[in-house]
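Reviewing the structure listed below.
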Amino acid sequence: MEYHYGSPLGGIGYVWDGQACLSLDLLDEPGRPAHGRDPVAAWLDAWFAGEILPLPPLVAPATDFQARLRRALLGIPFGETRSYGELARTLGTAPRALGQALKANPLPLLVPCHRVVGAHGIGGFSCGLAWKRRLLDFEASRRAVSVAEIQSRGVS
DNA sequence: GTTTCAGATGTTC
DNA sequence: GAACATCTGAAAC
């Protein structure tokens with residue numbers, strides 16, 4: 001079943017079959033306010049509120065390499081980035097191969113492929129670079145907020 | 001010192 | 001077998 005989620009950053013379309021999330025698309029059109037009531041929508045609600053929930057069940061990776069890549073991506077903390085080269089070294093592969101596998105990822109955002117940037121530029125993004133910039137901006141500002149919160153707690 | 005360019009490289013379709 | 005969401009080192013300026 002296909003759903004549409006209206007996020008603060010834009011519309012998100014995803015396929016939820018009742019068991020797992022099969023795919024997710026970041027759309028150009030602005031998000032409609034209607035939210036689905038399923039684990040993916042709940043996860044997105046939390047994420048855009050700056051909270052990290054356990055991921056909803058996801059479709060199995062297509063290849064063994066994608067499984068390892070997914071684990072590596074999920075290991076990158078909220079608000080941080082890795083370069084293609086850095087990540088390629090940890091996976092024992094070539095940077096260009098990594099880009100190819102990232103492009104094939106059907107679950108952007110859920111599997112944070114936007115946290116991988118080029119050594120010199122921002123790199124690429126299958127759903128459009130505008131989305132990648134928005135997501136990175138959002139995480140950076142959210143992290144700044146949470147760091148400020150922690151610091152203010154520490155002071156008081 | 002910096003910029004430019006070609007070659008290496010592994011996964012995907 | 002070709003394409004690719006890159007990196008690196010060497011050469012030129």
Side-chain angles (χ1 to χ4, degrees), chain A residues 1-17 19-32 36 39-41 43-147:
Chain A
M1 184 59 198
E2 201 167 333
Y3 295 90
H4 191 280
Y5 180 93
S7 86
L9 300 184
I12 297 174
Y14 60 90
V15 180
W16 172 258
D17 71 353
Q19 305 278 315
C21 185
L22 304 186
S23 70
L24 185 141
D25 277 315
L26 305 174
L27 311 171
D28 285 332
E29 65 205 71
R32 275 180 271 149
V40 180
W43 188 89
L44 290 169
D45 277 343
W47 195 86
F48 284 106
E51 294 170 42
I52 308 298
L53 294 183
L55 279 173
L58 306 178
V59 65
T63 65
D64 179 61
F65 178 76
Q66 289 189 4
R68 291 196 295 135
L69 173 62
R70 184 181 292 185
R71 253 203 317 279
L73 290 173
L74 293 173
I76 305 175
F78 186 96
E80 288 189 24
T81 60
R82 296 285 181 275
S83 75
Y84 292 95
E86 214 177 328
L87 211 55
R89 269 195 299 278
T90 35
L91 289 173
T93 185
R96 196 125 191 213
L98 193 77
Q100 200 61 263
L102 285 171
K103 189 181 177 182
N105 170 27
L107 298 163
L109 184 56
L110 252 32
V111 178
C113 53
H114 58 278
R115 291 182 195 149
V116 187
V117 298
H120 304 292
I122 190 171
F125 197 58
S126 53
C127 298
L129 283 177
W131 259 106
K132 186 169 186 173
R133 291 205 186 86
R134 283 203 294 273
L135 291 170
L136 290 175
D137 277 354
F138 176 79
E139 291 199 357
S141 61
R142 263 293 163 189
R143 190 176 64 150
V145 169
S146 60
V147 167

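Every chain is numbered from 1, with letters handed out A, B, ... down the list of sequences. Computed from a predicted model, the values in this text were never measured in an experiment.
- Across the strands present, B:dT2 finds its partner in C:dA12; the criterion is a Watson-Crick or G-U wobble pair with both atom distances under 3.5 angstrom.
- Looking at heavy-atom distances under 4.0 Å, A:Arg89 makes contact with sugar-phosphate atoms alone, never a base.
- Nucleotide B:dT2 holds its P atom 14 Å from the NE2 atom of A:His120, rounded to whole Å.
- Atom CG of A:Leu87 is separated from atom P of B:dG10 by 16 Å (rounded to the nearest Å).
- Residue contacts for A:Ser126: at a heavy-atom cut-off of 4.0 Å it reaches a base atom on one of the strands shown.
- Applying the Watson-Crick and G-U wobble criteria (two distances, each under 3.5 Å), C:dA5 pairs with nothing in any strand.
- As rounded to whole Å, 20 Å separates atom P of B:dG10 from atom NZ of A:Lys103.
- A side-chain donor-acceptor contact under 3.5 Å links A:Trp131 to the backbone of A:Leu27.
- With hydrogens and angles disregarded, a donor-acceptor distance shorter than 3.5 Å links the side chain of A:Arg115 to the backbone of A:Ile76.
- Smallest separation of non-hydrogen atoms from A:Leu129 and A:Ile122: CD2-CG2, 4.0 Å.
- Side-chain atoms of A:Tyr5 come within 3.5 Å of backbone atoms of A:Asp45 as a donor-acceptor pair (strictly under, hydrogens ignored).
- At the heavy-atom level, A:Tyr84 lies under 4.0 Å from base atoms of the strands shown.
- Counting only distance, with no hydrogens or angles, the side chain of A:Lys132 and the backbone of A:Val116 share a donor-acceptor pair below 3.5 Å.
- Nearer the 5' end of DNA chain B, as judged by each residue's closest nucleotide, is the contact made by A:Ala94, out of A:Ala62 and A:Ala94.
- The distance from atom CG of A:Leu136 to atom C1' of C:dA5 is 13 Å, rounded to the nearest whole Å.
- Of the candidate nucleotides B:dT12, B:dG10, C:dC7, B:dG10 has the atom nearest to the side chain of A:Ala97.
- Nearest to the side-chain atoms of A:Ala104 among the listed nucleotides B:dG10, C:dT8, B:dC13 stands B:dC13.
- Side-chain atoms of A:Thr93 lie closest to B:dT11 of the nucleotides B:dT11, B:dT12, C:dC7.
- Between A:Leu98 atom CG and B:dG10 atom P there is a gap of 13 Å when expressed in whole angstrom units.
- Atom CG in A:Leu73 sits roughly 12 Å away from atom C1' in C:dA5 (whole-Å rounding).
- Comparing B:dT12, B:dT9, C:dA5 by their closest approach to the side chain of A:Ala101 singles out B:dT12.
- OP1 and OP2 of C:dT6 both lie 4.0 Å or more from every side-chain N or O belonging to A:Gln100.
- Rounded to whole Å, the distance from NZ on A:Lys132 to P on C:dT6 is 9 Å.
- Under 4.0 angstrom from either OP1 or OP2 of C:dT6 there lies no side-chain N or O belonging to A:Ser83.
- Considering all non-hydrogen atoms of both residues, A:Trp16 and A:Pro56 come closest at CZ3-CB, 4.5 Å.
- Among the atoms of the strands shown, only primed sugar atoms or phosphate atoms (P, OP1, OP2) are found under 4.0 Å from some heavy atom of A:Gly85.
- Atom-to-atom, CZ of A:Arg68 to C1' of B:dT11 comes out at 11 Å; the value is rounded to the nearest Å.
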